[in-house]
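Letters A, B, ... mirror the listed sequences (proteins, then strands); counts begin at 1.
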Amino acid sequence: MKLLRTFYEQATVAVARQLLGTYLVRVHSQGITVGKIVETEAYVGPDDKASHASRGRTPRSAIMFGPAGYAYVYLIYGFHHCLNVVTEPEGYPAAVLIRAVEPVEGVEVMRARRRTPGARSLTNGPGKLCQAFAIDRSFNGADMSGDVLFVEDRREPPPDIVATTRVGIDFAGPWKDKPWRFYIRGHAGVSKR
DNA sequence: CAAGAGATCATCT
DNA sequence: GATGATCTCTTGA
């Protein structure tokens, strides 16, 4: 079953944890790609110094202030796109970054879009999975309850979750120590242990 | 296997 | 004008 707005309106950390073990689906004319979500990070509220929303509402961060269930996609380091889903009620800026998935369907399409053919490194990082799933800035603001990009809950038993600190945010002061990165314990598709 | 450099641009100051 | 919610390749052990 497809995850809808009511799911994403929950507390961000709860959404980040519950997304583990669900399936990211991308419908494209080249073929459908599906990946099991194995790693996420939560960016929570106006005070989280690691979050793009910590400097208030800007043209870029405005989407995080909006209603839940929409995609927030941005370009980082001039090269890579990162995919987030906006969470919590409208007016409260928060989102979940999808950091890694395990390729499930459409592996050949993913391989064609990626540089390295190594199956294990196709989608084990936020920039990598965006490339493999053909997700770019045109998806910023896209409705993730729609038919092109969405998440499916296939009702599997909940995974064993590891909570640890987020990656690449050393500048965030006390907020860098928040245990808001989550991944499935022991899973090979995680970007970093 | 680990560490480091370089690539490159939208966004905010 | 500075800087990143990263990735890949190269180097050296």
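The residue among Phe79(A) and Arg55(A) whose nearest nucleotide of DNA chain B lies closer to the 5′ end is Phe79(A). Along DNA chain C, the nucleotide nearest Lys128(A) and the nucleotide nearest Val96(A) are compared for position; the residue whose nucleotide lies closer to the 5' end is Val96(A).
Using the Watson-Crick or G-U wobble rule with both distances under 3.5 Å, dT8(B) pairs with nothing in any strand shown. Nucleotide dT13(B): unpaired (no Watson-Crick or G-U wobble partner with both distances less than 3.5 Å). Judged by Watson-Crick or G-U wobble contacts below 3.5 Å, the nucleotide dA5(C) has no partner.
As a whole-Å value, the separation of Arg60(A) CZ from dT13(B) P is 10 Å. Between the OH atom of Tyr74(A) and the P atom of dG4(C) there is a distance of 12 Å, rounded to whole Å. The interatomic distance linking Ile76(A) (CD1) with dC9(B) (C1') rounds to 10 Å, in whole Å. In this structure, the CZ atom of Arg113(A) is 17 Å from the P atom of dC7(C), given to the nearest Å. In this structure, Glu41(A) atom CD and dG4(C) atom C1' are separated by 14 Å, rounded to whole Å. The separation between Leu129(A) atom CG and dA5(C) atom C1' is 13 Å, rounded to whole Å. Rounded to an integer number of Å, the gap from Tyr77(A) OH to dT11(B) P is 16 Å. Rounded to whole angstrom, the span from the CH2 atom of Trp175(A) across to the C1' atom of dA5(C) amounts to 16 Å.
Separation of the Tyr70(A) and Tyr72(A) ring centroids does not fall under the 6.0 Å cut-off.
Distance alone, capped at 3.5 Å, is enough to place a donor-acceptor pair between the Arg114(A) side chain and the Leu122(A) backbone. Between the side chain of Trp175(A) and the backbone N or O of Asp47(A) there is at least one donor-acceptor pair closer than 3.5 Å.
Note on ring orientation: taking the six-membered ring where Trp is involved, the planes of Tyr74(A) and His52(A) are perpendicular (angle over 60°, cut-offs 30° and 60°).
Stacking of the aromatic ring of Phe171(A) onto the base of dG4(C) is not found under the criterion of centres within 5.5 Å and planes under 30°.
Residue His52(A) has a polar side-chain atom (N or O) positioned under 4.0 Å from OP1 or OP2 of dA5(C). At dT6(C), one or more side-chain N or O atoms of Arg99(A) fall inside 4.0 Å of OP1 or OP2 (strictly under the cut-off). Within the 4.0 Å cut-off from OP1 or OP2 of dT8(C), at least one side-chain nitrogen or oxygen of Arg114(A) is found.
Taking the side chain of Arg137(A) as heavy atoms from C-beta on, and the options dT6(C), dA10(B), dA5(C), the nearest nucleotide is dA10(B).
Note on Leu97(A): a base of the nucleic acid sits closer than 4.0 angstrom, heavy atoms only.
The local environment of CG in Asp177(A) is crowded, with over 12 non-hydrogen atoms from other residues, nucleotides or ligands closer than 6.0 Å.
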